[in-house]
Amino acid sequence: MFDYLIVGAGLYGAVFAQEAKRAGKKVLVIDRRDHVGGNVYTEEIEGIQVHRYGAHIFHTNNQEVWSYVNQFATFNRFTNSPVANYHGELYSLPFNMYTFNRMWNVVTPQEAAAKIEEQKKAAGITEPKNLEEQAISLVGTDIYEKLIKGYTEKQWGRPCSELPAFIIKRLPVRLTFDNNYFNALFQGIPVGGYTRMVEHMLDGIEVRLGVDYLKDREAWDAMAEKVVYTGPIDAFYNYCAGTLEYRSVRFETEVLDMPNFQGNAAVNYTDRETPWTRIIEHKWFEFGKDAQGNDLPKTVISREYSSEWKPGDEPYYPVNDEKNGAVYEAYRQMTLAQDKVIFGGRLGEYKYYDMDRVIEAALARARQEFN
Ligand code: UDP
């Protein structure tokens, strides 16, 4: 008999498990997959840590979360600076003075600000109601057309005018020559990969892999006082209030016999015509070096293709629009009547979560539970 059964060995589950163990609880962690880490899982190929379920770049403003993760890994100094490729024209991301110079030949911040203002005015948007209006009112129409529209419509499979504005607020706009994608105080990639970091979180905790909680729910429930469920919330309730929509991603990963394919960890293909959204060249997360500091002769790349989730696919991004928000709310109401089950994480809370926020939420929930 366990105090806690934790369903899902991703970040939420691993952090909660670690905290429960620290509080003297007996914990069992289970996962459907044959590995721990959830979507932050990394595996080594040709000496390179490959992010199998998409690139994860850790960044946070929260000192407590940063100290917390540093107990389990050493973080390198990686700074995310993606490049946008629009029909072969290369632009710096996030939107900054390099981007504006390439787009409009402007040189000073004043010229860039005036250009953005002029385009905003021409579009006549006062209160942005959706992603399209939000984007245009942030950076004007040229950048919207070349760097946002195509990428976003491929990524989400919906017109920008039907998407919530908050998605684009992830992207900073700066009138400085600063290619750092994130505004966070702390940023980096765990040396040796995320899998090792999660393994350290789960140190001394019983983990069973390749088992499906929902297939044998009664038996699992009987094993513990309480359950922490981090899988899809609609599946937990047998889809009784409707199916939540997700975007899925298909990765085409290749080992290439060359040292350098694209010279950067992430290149976003922002035109509508290129079928993939971005190409990740994993070695640049670790500067292309092995543990001894030698250059690696090969490289591993992943092309990302975005698609609508259907049963059997991996769910990646929750589609946080109004329709799905209402379905989620119905499930959330049901959870209030459960005192045996805690729901958490990206799938359990149907939330487009950054890693630091997941950790923050798991720590807060654990605190509430154990104090
Ligand atoms: N985005 C864009 N062009 C880009 C990169 C991002 O328009 O080159 C938009 C797009 O709508 C995307 C959102 O910004 O969904 C957030 O992108 P980010 O790369 O932060 O999301 P991730 O997929 O890494 O979570």
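Numbering of ligands and ligand atoms starts at 1, following listing order.
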How far is atom 13 (C) of ligand 1 from its nearest protein heavy atom, and which residue and atom name does that atom have? I167 CG2, 3.7 Å

Parallel, tilted or perpendicular, as decided by the 30° and 60° cut-offs, for the rings of Y213 and F236: parallel

Could you check atom 3 (N) of ligand 1 against the protein and tell me its nearest heavy-atom contact, residue, atom and distance included? L147 O, 2.8 Å

Once you restrict to heavy atoms under 4.0 Å, what part of I148 touches ligand 1? Side chain, backbone, both or neither. both

Just checking, K226 and Y4: is the charged tip under 6.0 Å from the six-membered ring centre and within 45° of the axis? no

Please write down residue, atom name and distance for the protein heavy atom closest to atom 15 (O) of ligand 1. W156 NE1, 2.8 Å

Test item: side-chain donor near acceptor, T274 and D271, under 3.5 Å: yes

Got the closest protein heavy atom to atom 24 (O) of ligand 1, with its distance? R278 NH1, 3.3 Å

Residues E46 and K283 bridged, charged N to O under 4.0 Å: no

When L5, L214, I342 are each screened for side chain to side chain contact (heavy atoms under 4.5 Å, CB included) with Y229, the one that passes is L214

If you count the atoms of ligand 1 from 1 in the order shown, which ones are under 4.0 Å from a heavy atom of N268? 4 (C), 5 (C), 8 (O)

Considering non-hydrogen atoms only, spot the tightest contact between E153 and R272 and give its length. CB-NE, 4.0 Å

Geometric class of the W66/F75 ring pair [parallel <30°, tilted 30-60°, perpendicular >60°]: tilted

Ligand 1 versus I168: contacting region, heavy-atom distance under 4.0 Å: side chain

Identify whether NZ of Lys or CZ of Arg in R278 sits under 6.0 Å from the centre of the six-membered ring of Y151 and within 45° of that ring's axis. no

Distance filter under 4.0 Å to L171 heavy atoms, resulting ligand 1 atoms: 1 (N), 2 (C), 6 (C), 9 (C), 14 (O)

For Q155, the ligand 1 atoms whose distance to one of its heavy atoms is below 4.0 Å: 15 (O)

Looking only at distance, does Y181 have an N or O less than 3.5 Å from an N or O of ligand 1? yes

Aromatic centroids of H51 and Y194 separated by under 6.0 Å: yes

Heavy-atom nearest neighbour in the protein, as seen from atom 22 (P) of ligand 1, with distance rounded to 0.1 Å: Y352 OH, 3.3 Å

What are the atoms of ligand 1, with element, lying closer than 4.0 Å to any heavy atom of T270? 8 (O)

Which ligand 1 atoms does L93 reach within 4.0 Å, using its non-hydrogen atoms? 8 (O)

Which of the numbered atoms in ligand 1 are under 4.0 angstrom from any heavy atom belonging to Y317? 22 (P), 23 (O), 25 (O)

In terms of residue, atom name and distance, what is the protein heavy atom nearest to atom 11 (O) of ligand 1? T152 OG1, 2.7 Å

For T253 and S302, does a side-chain donor sit closer than 3.5 Å to a side-chain acceptor? yes

